[in-house]
Amino acid sequence: MSRRRILVTSALPYVNAGIHLGYLVEALQTDFWLRFQRLRGHEVRYFCGDDTHGTATMLRAEREGRTPESLLEEMKAAHVADLVGFGVVHDHYGSTHSAANEAFVAEIWSALRAAGCIDEREVTQFYDPEAGIFLADRFVVGGCPRCKSPGQYGDNCEVCGATYEPGDLIDPKSAISGAAPEERSHVHLFVRLEEFHAFLEEWTQAPGRMPPETANWLRGTFLAEPLRDWDVSRPAPYFGFEIPDAPGNYFYVWVDAPIGYIAATREWCDTTGEDLDRWWRDPECEIHHFIGKDIAYFHTLFWPVMLKAAGFQLPKAVHVHGFLTVNGEKMSKRKGTFVLARTYLDHLSPEYLRYYYASKLSSRVDDIDLNFDEFVQKVNADLVGKVVNLASRTARFVKGERLPATYPANRDGGLFAAGAAAGEEIAAAFESLDTSKAMRLVMGLADRANEFVESREPWNLKKDPARAQELLEVCAIALNLFRQITVYLAPVLPRFAEESARLLSLDGGTSWADAARPVEGAIVAKFQHLMERVDPEKVAAMIEASREAAQASEVEAAARGRAGGSGTDAPALAGEPLAPECTIDDFARVDLRVAEILEAKAVPKADKLLELTLSLGGEERRTVFAGIKKAYAPEDLVGRLTVVVANLAPRKMKFGTSEGMVLAAGPGDSELFVLSPDSGAKPGQRIR
RNA sequence: GGCGGUGUAGCUCAGUCGGUUAGAGCGGCGGCUUCAUAAGCCGUAGGUCGGCGGUUCAAGUCCGCCCACCGCUACCA
C-alpha cells in the first residue's frame with residue numbers, strides 16, 4: 001500500500017467547559033485511528049484547538065473581571081493537559097481566537113462574497129438595554145406562553161416542550177442583567193446555501209463520506225427541501241471576529257470554529273516549515289474529521305460549502321459517533337456520573353478507559369454506555385487476566401535468558417502464523433473504526449495463546465533440567481504471541497505496548513508489521529507489573545468526587561445569584577436570574593394551597609403530561625395537567641400531598657382544561673421534583 | 001404524527017453476496033489446574049433471532065404491516 005497523507009481532526013472543545021468523559025469518546029476514537037494509521041506507516045497529522053468565541057465567553061470573562069484572552073489561555077492549558085493525560089497528543093492544538101484563524105476566516109469570507117451568495121436582511125431580536133447586547137434565544141427567560149412555567153428560555157420550554165419565539169414569553173427578562181429586553185432590529189448577513197444544494201447532495205451522499213445514518217438523515221431532512229439561508233453574523237458586542245466589510249458585525253461562532261482546523265494547521269506549518277497547501281489544497285491529502293452526532297449538521301452542510309467556495313480540499317470523511325451514557329443514562333452531575341477528565345485521572349489509569357472505549361466503539365453512530373461494573377470486569381478480565389497474565393506466567397521461567405536465535409515456528413501449532421494472518425482483519429477493523437471488533441479479535445488471540453501455555457505446562461518443564469530447551473521454546477512462543485498481541489493493541493494502549501516491548505529488550509519504534517515478525521535471540525528482562533487491576537473502590541471514589549465537585553459548583557453558581565444547571569452541557573448562564581423584587585402583596589395574589597392527589601393517570605397521547613385529580617379539602621376537586629410524566633409514575637403520586645396554584649386562570653388544553661398548576665422544581669424531563677408540604681398539612685390549607 | 005436509527009442467549013454485542021445443527025466475550029453453573037496480578041484451562045448454559053404476513057427450493061439476513069425503545073422534528077398543553 002502506498003503511503004497515505006492524512007490530516008485528522010477532533011471537534012474543538014468549547015473553552016468554557018472542562019474536558020469530560022463524553023468528549024474523550026471522541027478524542028480517544030480519533031487517537032486510536034490515527035495511531036493505527038501511524039503504525040501502518042502513513043503520514044498522519046492531528047490538529048485541534050479550543051473553540052473560544054461567542055457571548056458566553058465574553059460574559060464569563062466580564063463576570064470574572066478579566067480579559068477573555070487570559071481566560072482562554074488558562075482553559076487551553078487545562079484542556080491540553082487533560083488530553084495529554086489520556087495519551088491524546090496533537091501535532092498542534094490551537095485556538096479559534098488566533099491571528100491565523102482570523103486570516104482564514106477573512107479569506108473564506110471574501111470567497112463567499114466573490115461567489116455572490118451573501119445576503120443582508122434585517123433581523124428583529126431582543127436587546128438588553130442594561131447590558132447593551134443583543135440576546136440570543138438562550139439568554140432570554142420568561143414564562144412559557146403555553147404552560148406558564150416560569151424561567152423558561154427563549155426558544156423552548158423545558159417543562160412542556162413548547163417551541164416559540166422569545167417574543168412569545170410572558171414577562172421576558174434578560175438572563176444577563178434581569179432587565180426587560182426590548183425588540184430591536186439589526187442587519188444580519190446570510191449565506192444562500194441553496195445555491196450549493198446539488199453540490200451538497202452529491203458530496204454528502206458519496207459512499208464512505210459519512211455514516212449511512214447521517215447521510216440518510218441529511219437527505220431526509222435538510223436536503224429534502226430548499227436549504228434555508230444561514231445567518232452568519234452577530235451584532236456587536238460579541239466576542240469573535242469582526243466582519244471585515246461589515247463593521248459592527250461579528251462572525252457567528254460556527255463560521256470560525258471549523259476554520260480553526262485550518263488555522264491550527266497553519267500555526268503548525270509556521271513552526272515546522274511545512275507547506276499548508278500540501279494539507280488543505282491537495283487532493284492527495286485525506287482530511288478526516290471526527291465529530292459527535294450533535295454537530296454533524298455544521299460539518300456536513302456549512303463546512304463543505306465554505307471549503308468549496310474558497311477552494312480548499314474537501315474532507316474525505318466525516319466520522320460521526322454517538323453520545324456517552326453512564327450506567328445506562330444520561331450523565332448526571334447529581335449522580336456523580338458527569339466525570340471530568342481530570343477527576344478520572346486523579347483516581348484511575350487512562351489505559352483502562354482507552355481499552356474500554358475501544359471495546360465498545362464501532363463505526364455506528366450509536367450511543368455507547370459506560371457501565372462501571374462492566375468497566376471493572378472487562379478491563380480486569382481482558383487486559384490483566386488474559387493479556388498481561390500471558391507474559392506474567394511465562395517470562396519468569398526464562399528471566400535473563402536469550403530466546404532461540406530462530407523462532408520455533410514448527411512447534412507452536414501455527415499460532416504465530418495465524419496471529420500474523422489475522423493482522424489484516426484486525427487492521428481492517430481499525431481502519432473502519434470498528435475497534436470493538438478489533439479488540440474481540442485480539443482477545444481471541446490471547447485466548448489461544450493461553451490455551452497453548454496450558455497445554456505445554458512450562459511449570460512442569462521447569463522441574464526437569466533435561467527439558468530446559470523445550471521450556472525455552474515454549475516460553476519463546478508464548479512471549480512472541482504476547483508481543484504480537486501488544487502490537488495489535490498499540491493504537492489503543494501505546495504505553496502498555498511500549499513497556500511490554502522492554503520485556504523482550506526491544507526499544508520503541510513499533511510498527512504494525514512487527515506483529516508478523518517473531519522476536520529472535522532477545523534477552524528476556526525481569527517481568528515487571530505492566531498493569532494494575534482496576535480497583536472498584538477507586539471507581540466509587542471517582543464518582544463521589546464528581547458528585548462533590550458538582551455540588552461545589554452549584555453552590556458557587558448560587559452565590560452568583562444563579563442556580564447551577566444540572567444538564568450535562570449547561571452553558572455558563574444556565575441558571576435563571578432572580579426575578580425582580582416583589583412585595584408581599586404581589587405574593588399574596590398567588591393563592592397556593594395544599595392539595596391531595598386523588599387520582600393520577602397518564603395522558604395517552606402526550607409525552608409529558610399526567611392528568612391529576614386534586615382535592616382541596618371537602619368536595620372541592622380540581623383537574624390539573626402537569627408536565628411530569630417522565631419523572632413520576634402515576635401510581636406513585638396518588639395519595640400524596642402537594643402544592644397547587646389554586647387561583648391560576650384555567651387553561652384549555654388539547655386533552656381537557658387544566659384548573660391549576662402543581663409546583664415542581666428541576667430542569668425538566670425526568671429531573672423534576674414535585675413539592676410536598678411537611679407532614680400534618682391538610683388539603684385546602686393556604687400557603688403563606 | 002413525520003423522518004432516521006435500533007430491537008439476536010442474564011449482560012455487551014458478531015452474524016459477510018439470503019443457504020445446511022444461529023455465534024463470541026462476560027456473568028452463572030459443574031469440573032480440572034495451581035506457573036501466573038485469586039490469573040488459566042475444560043465442559044455446560046438451549047435464545048419464538050421484537051411480532052405478523054409475504055417473496056423464495058431456502059430468511060436473523062430481502063419486502064410489507066405492526067409493536068417497543070432512542071434521536072431529530074411536528075403538534076398539544
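Note on naming: letters A, B, ... go to the chains in the order of the sequence lines (proteins, then strands), and numbering restarts at 1 for each one. Just the heavy atoms: all of them, side chains too, but no hydrogens, waters or symmetry mates, feed the values below.
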Can a donor-acceptor pair be found between the side chains of A:Asn460 and A:Arg467 at a distance below 3.5 Å? no

B:A24 versus B:G15 - spacing of their P atoms, nearest Å: 15 Å

Would you give the length of the straight line joining atom CG of A:Asn389 to atom CG of A:Leu530, rounded to the nearest 0.5 angstrom? 11.0 Å

Considering Watson-Crick and G-U wobble pairs with both distances under 3.5 Å, what does B:G47 pair with? none

Under 4.0 Å between any heavy atoms, over every strand shown, what does A:Leu530 touch: base, sugar-phosphate, or nothing? Just pick one. base

For the residue pair A:Asn480 and A:Tyr407, confirm or rule out a side-chain donor-acceptor distance under 3.5 Å. no

Rounded to the nearest Å, what distance is computed from the CG atom of residue A:Leu370 to the P atom of nucleotide B:U12? 14 Å

Would you say B:U37 has OP1 or OP2 under 4.0 Å from some side-chain N or O of A:Arg396? yes

Collect all protein-nucleotide pairs involving nucleotides 23-28 of chain B in which both atoms are nitrogen or oxygen and the distance is under 3.5 Å.
from, atom 1, to, atom 2, distance (Å)
B:G25, O3', A:Lys386, NZ, 3.3
B:C26, O2', A:Gln377, OE1, 2.7
B:C26, O2', A:Gln377, NE2, 2.3

Whichever of A:Asp367 and A:Phe397 has its nearest RNA chain B nucleotide further upstream toward 5': A:Phe397

Using Watson-Crick or G-U wobble geometry with both distances under 3.5 Å, which nucleotide pairs with B:C32? B:G40

Assigned partner base of B:A14, Watson-Crick or wobble definition, under 3.5 Å: none

Touch check for A:Asn389, heavy atoms < 4.0 angstrom, all strands: base, sugar-phosphate only, or nothing? base

Does B:U21 pair with anything, Watson-Crick or G-U wobble, both distances under 3.5 Å, and if so, with which nucleotide? none

Can you tell me how far C1' in B:A9 sits from the matching atom in B:C49, rounded to whole Å? 10 Å

Rounded off to whole Å, could you give me the OH-to-P distance for the A:Tyr356 and B:U12 pair? 10 Å

With a 4.5 Å heavy-atom cut-off, do A:Ile485 and A:Leu390 have their side chains touching? yes

Taking CG from A:Asp294 and C1' from B:C72, how many angstroms apart are they, rounded to a whole number? 12 Å

How long is the line joining CD of A:Gln528 and P of B:A36, in whole Å? 17 Å

Please write out each protein N/O paired with an N/O of nucleotides 5-9 of chain B under 3.5 Å, distance rounded to 0.1 Å.
from, atom 1, to, atom 2, distance (Å)
B:G5, OP1, A:Asn216, ND2, 3.3
B:U6, OP1, A:Arg364, NH2, 2.6

Indicate whether the side chain of A:His319 and that of A:Trp33 have a donor and an acceptor atom separated by less than 3.5 Å. no

Between P on B:A38 and CG on A:Asn380, what's the gap in Å once rounded to a whole number? 11 Å

If pairing means Watson-Crick or G-U wobble with both distances under 3.5 Å, then the partner of B:A59 is none

Where each residue is assigned the nucleotide of RNA chain B containing its nearest heavy atom, which of A:Lys293 and A:Glu451 is assigned the position nearer the 5′ end? A:Glu451

Strand partner of B:G7, provided both Watson-Crick or wobble distances fall under 3.5 Å: B:C67

Any chance CD of A:Glu532 has more than 12 other-residue heavy atoms, nucleotides or ligands included, within less than 6.0 Å? no

For B:A74, the Watson-Crick or wobble counterpart (both distances under 3.5 Å): none

A:Arg393 CZ to B:A36 C1', in whole Å, measures 6 Å

A:Leu390 CG to B:A39 C1', in whole Å, measures 11 Å

Quote, to the nearest angstrom, the C1' distance that separates B:G50 from B:C70. 15 Å

Is atom CZ of A:Arg621 surrounded by more than 12 heavy atoms (other residues, nucleotides or ligands) closer than 6.0 Å? yes

C1' spacing across the pair B:A36 / B:C41, given as an integer number of angstrom: 13 Å

Please determine if A:Glu202 and A:Arg209 form a salt bridge, counting it only when a charged side-chain N lies under 4.0 Å from a carboxylate O. no

Between B:U8 and B:A14, how many Å separate the two P atoms, rounded to a whole number? 10 Å

To the nearest angstrom, the CD-C1' distance between A:Glu454 and B:C32 comes to 9 Å

Need the pair for B:G27. Rule: Watson-Crick or G-U wobble, both distances under 3.5 Å, any strand; none if unpaired. none

More than 12 heavy atoms from other groups under 6.0 Å of CD on A:Glu431: yes

A:Glu425 atom CD, over 12 foreign heavy atoms within 6.0 Å: no

Base, sugar-phosphate, or nothing: which does A:Lys437 touch, judged by heavy atoms less than 4.0 Å apart? nothing

Evaluate whether atom NZ of A:Lys538 has more than 12 neighbouring non-hydrogen atoms of other residues, nucleotides or ligands under 6.0 angstrom away. no

Would you please classify the geometry between the A:Phe298 ring and the A:Tyr252 ring as parallel, tilted or perpendicular, with 30° and 60° separating the classes? tilted

Can you tell me how far P in B:G60 sits from the matching atom in B:G19, rounded to whole Å? 10 Å

Can you check the distance between B:G4 and B:C63, where both ends of the measurement are the P atom (answer in whole Å)? 13 Å

Work out how far the P atom of B:U6 is from that of B:C13, and round it to whole angstrom. 13 Å

